Amino acid sequence: MAEEKTTVENTPRTNFIREIVDEHLQTNRYGGKVVTRFPPEPNGYLHIGHAKSICLNFGIARDYNGKCNLRFDDTNPTKEEQEYVDSILEDVRWLGFQWDGLYYASDYFEQLYEFALRLIKKGKAFVCDLTADQIREYRGTPTEPGTESPYRNRSVDENLDLFTRMRAGEFLDGARTLRAKIDMTSPNFNMRDPVMYRILRATHHRTGDVWCIYPTYDWAHGQSDSIEGITNSVCTLEFEIHRPLYDWFLDELGIHHPQQTEFARLNLSYTMMSKRRLLQLVEEGLVNSWNDPRMPSISGFRRRGYTPESIRSFADRIGVSKREYIQDVTVLEDCLREDLNARAPRVMAVLRPLKIVIENYPDGQAEELEAVNNPEDTAAGVRKVPFSKVLYIEQDDFREAPPKKYFRLSPGSEVRLRYAYIIKCVGVVKDEKTGEVIELRCTYDPETRSGSAQSSRKVKSTIHWVSATHALNAEVRLYDRLFTVEEPGGEDWKQLINPHSLEVVKSCKVEPSLANANVQDRFQFERLGYFCVDDDSKPGALVFNRAVTLRDTWAKIEKK
RNA sequence: UGCCCCGUCGUCUAAUGGUAAGACGGCAGACUCUGGAUCUGCUUAUUGAGGUUCGAAUCCUUACGGGGCAGCCA
């Protein structure tokens, strides 16, 4: 039965898969046990789509007091690598899940072989000498039934002999296969005598060169589920048509029979989710690495500054169904904002500095002003921020000719400097040659210091700033969506890559409290967004990634 | 045009024969020392046609639309 939820972000609504579990419990189909599994193939890095599956499978195990295994579906040695195994392990853990069993389909190769022998003896599998091309021809078409292989009726003894010799390495790669004997006239191609084993001399990342025959997905998956006592084998829609075969193998073997259930995979707007194409992005240098913060990989999101909580919350919010869909990426972004709004310390940082001089502030004077670390969390406390005569503000917070509804600084106008004083712009210094504004002359009102008795005077807006002499330099990497269209696809998908997906801004100025920030620390840069210390960051050479912007009402107004 | 799956606000998800609900987005407004956060209001949906029923998003039939399936990939 469902347990009480323990955390705020993990309050999943029910879904049709949980309802199936409920039904199993009610009918006692699996003796009250709930066992799921997450079965990645180690041929690439995990992405946000996998996160949906991970949260689903591990979430069910958690909420039903069951178990969830992590099992690598490593039946194709030509594509799989230890590097991927390692990254998957790390990503699942980072997402906050602990597997009950850690298994590999390759652990079961011997058992699978025994099972195959059983089917052969039952007359339900045979060794076929047809080539790959011939098998395809014999398979028929959607409207025409297939043709039975001429090798279909070999004797059990001959099949046993041949299959043993396949394993022993007596035949060339691709020379023979072991096939299930089902029904070449089935409207479901998967039932037209599907291949169970192929001869393949490739070094497996775990079993090395011990095997030269490898089980296919269909043959390995269900039986692996059965061996582990899985009750609910949850997979994506494309395996729906494989379910009759999944069931057939288990029934013929007469072993524990999990329930396969399919759900719609995650598609995110403006995001590429194809593993193959993500690999291409990396290999062709279109992004810097698998964990490039623009990548939808778990490691990419991690580096960018996403929290495991936000991703879990996302998985809960989007739900599970059988309907193919494209999820709006803004939902994911909102999940991050929601999480970081509650937790991230606030800090002041100026991305594109504009120097201002407070003319009536004493030369050489500095004072420490108190700033709130997180207005959403009083326990986060306060810190001191240095203030002095020369400051930097955001270039964007000044307009010489302010448009309507522009509340910030302009010649003659007043704004509050966050946690400091109200200032007035009294002069604009421009570069003689370019006409560019290079400095602002301002005055401050000493009566308006934040927190003081007379500080309640209202001005239209409050802007962030840093003290020029105290500020730290930093590099900030601004990310935008990797693709320019909602649904990047088709053959020319690479043309759809957003040329502005990364903007590196050097010579940013950040408040001195950031001196000791560590890699992966996350902050809200007030009025700008949430930022995360990048892997490349070093003391004295800070590098931040923008994980997500704040909601920007002004940007909307100005767009109109 | 063989078989299988799926059609609910712009986008997702819910409603399990009994008032079509929530989230994100959008649009207004309130509040605010973050144009942040928060709060309020508004917007908009059951693919069509038949049928069963007192009553249908839900069950049946059918049409239409979308997706999938002919790897010795998973």
Side-chain angles (χ1 to χ4, degrees), chain A residues 13-16 19 39-41 43 73-76 78-80 128 130-132 135-137 139-146 173-174 176-179 186-190 192 194-200 213-214 216-218 220-221 235-244 262 264 269 275 317-335 337-338 341-342 346 348 372 375-376 405-408 415-420 422 448 450-451 455-464 486 524-529 549-558:
Chain A
R13 302 184 302 272
T14 188
N15 57 52
F16 79 99
E19 284 171 7
E41 183 189 12
N43 68 344
D73 222 333
D74 55 349
T75 57
N76 184 358
T78 63
K79 290 186 176 170
E80 297 149 6
C128 184
L130 255 25
T131 65
I135 286 182
R136 192 176 313 119
E137 284 163 26
R139 190 150 27 223
T141 70
T143 50
E144 299 162 294
D173 283 13
R176 294 185 218 260
T177 55
L178 183 74
R179 294 224 260 161
S186 171
N188 182 344
F189 281 104
N190 294 293
R192 317 243 269 220
V195 171
M196 296 165 62
Y197 278 96
R198 68 272 208 185
I199 302 174
L200 186 62
I213 56 171
Y214 288 95
T216 57
Y217 164 84
D218 285 309
H221 201 89
C235 60
T236 44
L237 251 27
E238 67 267 29
F239 295 103
E240 192 159 35
I241 198 144
H242 292 246
R243 179 155 29 96
E262 311 83 15
S269 60
K275 246 183 174 180
R317 270 206 223 178
I318 62 177
V320 181
S321 74
K322 293 194 69 157
R323 183 180 163 192
E324 297 195 1
Y325 67 108
I326 299 175
Q327 181 65 53
D328 198 320
V329 71
T330 59
V331 177
L332 213 209
E333 293 171 348
D334 188 70
C335 288
R337 288 194 193 100
E338 180 186 59
N341 177 49
R346 264 107 256 226
M348 290 198 282
V372 173
E376 305 294 320
K405 290 194 175 175
Y406 185 84
F407 300 157
R408 288 112 95 161
V415 294
R416 172 173 288 283
L417 294 178
R418 179 86 157 143
Y419 299 122
I422 291 175
T448 58
S450 294
S455 71
S456 58
R457 184 151 72 84
K458 301 286 182 213
V459 285
K460 278 238 168 128
S461 81
T462 300
I463 64 173
H464 61 278
E486 278 199 34
Q524 184 195 103
F525 288 0
E526 293 222 22
R527 303 207 307 131
L528 298 175
T549 61
L550 252 26
R551 283 199 191 87
D552 190 347
T553 310
W554 167 247
K556 278 182 207 160
I557 295 170
E558 200 177 29

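Bear in mind the structure is a predicted one, so any value in this text is a computation, not a measurement.
- You'll find that the side chain of A:Q327 is closest to B:C12, out of B:G36, B:C12, B:G71.
- At B:G71, none of the side-chain N or O atoms of A:R192 fall inside 4.0 Å of OP1 or OP2 (strictly under the cut-off).
- Between B:G25, B:U34, B:G35, one nucleotide has an atom nearer to the side chain of A:Q524 than all others, and that is B:U34.
- Sequence order on RNA chain B of the closest nucleotides to A:V195 and A:N15 puts A:N15 first from the 5' end.
- Remark: B:G2 base-pairs with B:C69; criterion is Watson-Crick or G-U wobble with both hydrogen-bond distances under 3.5 Å.
- Base pairing of B:G7 is made with B:C64, judged by Watson-Crick or G-U wobble geometry with both donor-acceptor distances under 3.5 Å.
- For B:U34, its base sits under 3.5 Å from the side chain of A:R346 at one donor and acceptor pair at least.
- Between B:C4 and B:A56, the two P atoms lie 29 Å apart (nearest whole Å).
- Residue contacts for A:H242: at a heavy-atom cut-off of 4.0 Å it reaches a base atom on one of the strands shown.
- Minimum interatomic distance between A:R198 and A:T75 (heavy atoms only, all atoms of both residues): NH2-O, 3.6 Å.
- Look at B:A74: it lacks any Watson-Crick or wobble partner with both distances under 3.5 angstrom.
- Between A:E41 and A:K79 there is no salt bridge, since none of the side-chain N atoms of the basic residue sits less than 4.0 Å from a carboxylate O of the acidic one.
- Across all strands shown, B:A28 pairs with B:U40; the Watson-Crick or G-U wobble distances both stay below 3.5 Å.
- Taking only side-chain nitrogens and oxygens, A:R198 never comes nearer than 4.0 Å to OP1 or OP2 of B:G71.
- Within the 4.0 angstrom heavy-atom criterion, base atoms lie near A:F239.
- Nucleotides B:G67 and B:A23 place their C1' atoms 26 Å apart, quoted to the nearest Å.
- At B:U11, none of the side-chain N or O atoms of A:T330 fall inside 4.0 Å of OP1 or OP2 (strictly under the cut-off).
- Here B:G36 is the nucleotide among B:C72, B:A70, B:G36 with the atom lying nearest to any side-chain atom of A:P375.
- The side-chain heavy atoms of A:K322 and A:E240, taken from C-beta on, include a pair separated by under 4.5 Å.
- B:G10 and B:A45 have their C1' atoms separated by 10 Å, given to the nearest Å.
- In this structure B:A21 sits in a base pair with B:U13, meeting the Watson-Crick or G-U test at under 3.5 Å.
- Base pairing of B:C59: its partner is B:G51, meeting the Watson-Crick or G-U wobble criterion (both donor-acceptor distances under 3.5 Å).
- Taking every side-chain heavy atom of A:I326 into account, B:C12 is the closest of B:C12, B:C73, B:A70.
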TODO: At under 4.0 Å between heavy atoms, which parts of nucleotides 2-7 of chain B does protein reach? Answer with one letter per nucleotide, 5' to 3': B base, S sugar-phosphate only, - none.
DONE: BS-SS-
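- When the nearest nucleotides of RNA chain B are assigned to A:V331 and A:A555 by heavy-atom distance, the more 5′-ward of the two goes with A:V331.
- Across A:F525 and A:L550, no two heavy atoms sit closer than the pair O-CD2, 4.4 Å.
- For the C1' atom pair drawn from B:U13 and B:U53, the interatomic distance equals 29 Å after rounding to whole Å.
- Residue-nucleotide stacking is present for A:F407 and B:G35, judged by a side-chain ring centre under 5.5 Å from the six-membered base ring centre and planes under 30° apart.
- The base of B:G35 is paired with the side chain of A:R408 by a donor and an acceptor separated by under 3.5 Å.
- Between A:K556 and B:G25 there is no side-chain N or O to OP1 or OP2 distance below 4.0 Å.
- When the C1' atom is compared between B:C59 and B:A21, the two are found 23 Å apart, to the nearest whole Å.
- Judged by distance alone, the side chains of A:D328 and A:T330 do bring a donor and an acceptor atom under 3.5 Å apart.
- Comparing the P positions of B:A30 and B:U11 gives a spacing of 31 Å, expressed to the nearest Å.
- The two residues A:V415 and A:V459 have their closest heavy-atom pair at C-CG2, 3.9 Å.
- One finds a side-chain N or O of A:R136 lying less than 4.0 angstrom from the OP1 or OP2 phosphate oxygen of B:G71.
- B:C3 and B:A63 have their P atoms separated by 12 Å, given to the nearest Å.
- At least one side-chain nitrogen or oxygen of A:S321 sits closer than 4.0 Å to the OP1 or OP2 atom of B:U13.
- Backbone-only engagement by A:T75 is indicated by non-hydrogen atom pairs under 4.0 Å involving sugar-phosphate atoms exclusively.
- Going from the C1' atom of B:C9 to that of B:U44 covers 5 Å, rounded to whole Å.
- Relative to the side chain of A:N76, the nucleotides B:U13, B:A74, B:G25 differ in distance, and B:A74 lies closest.
- A 3.5 Å limit on both hydrogen-bonding distances identifies no Watson-Crick or G-U partner for B:A45.
- Across all non-hydrogen atoms, the minimal contact from A:N341 to A:E376 is O-CG, 3.3 Å.
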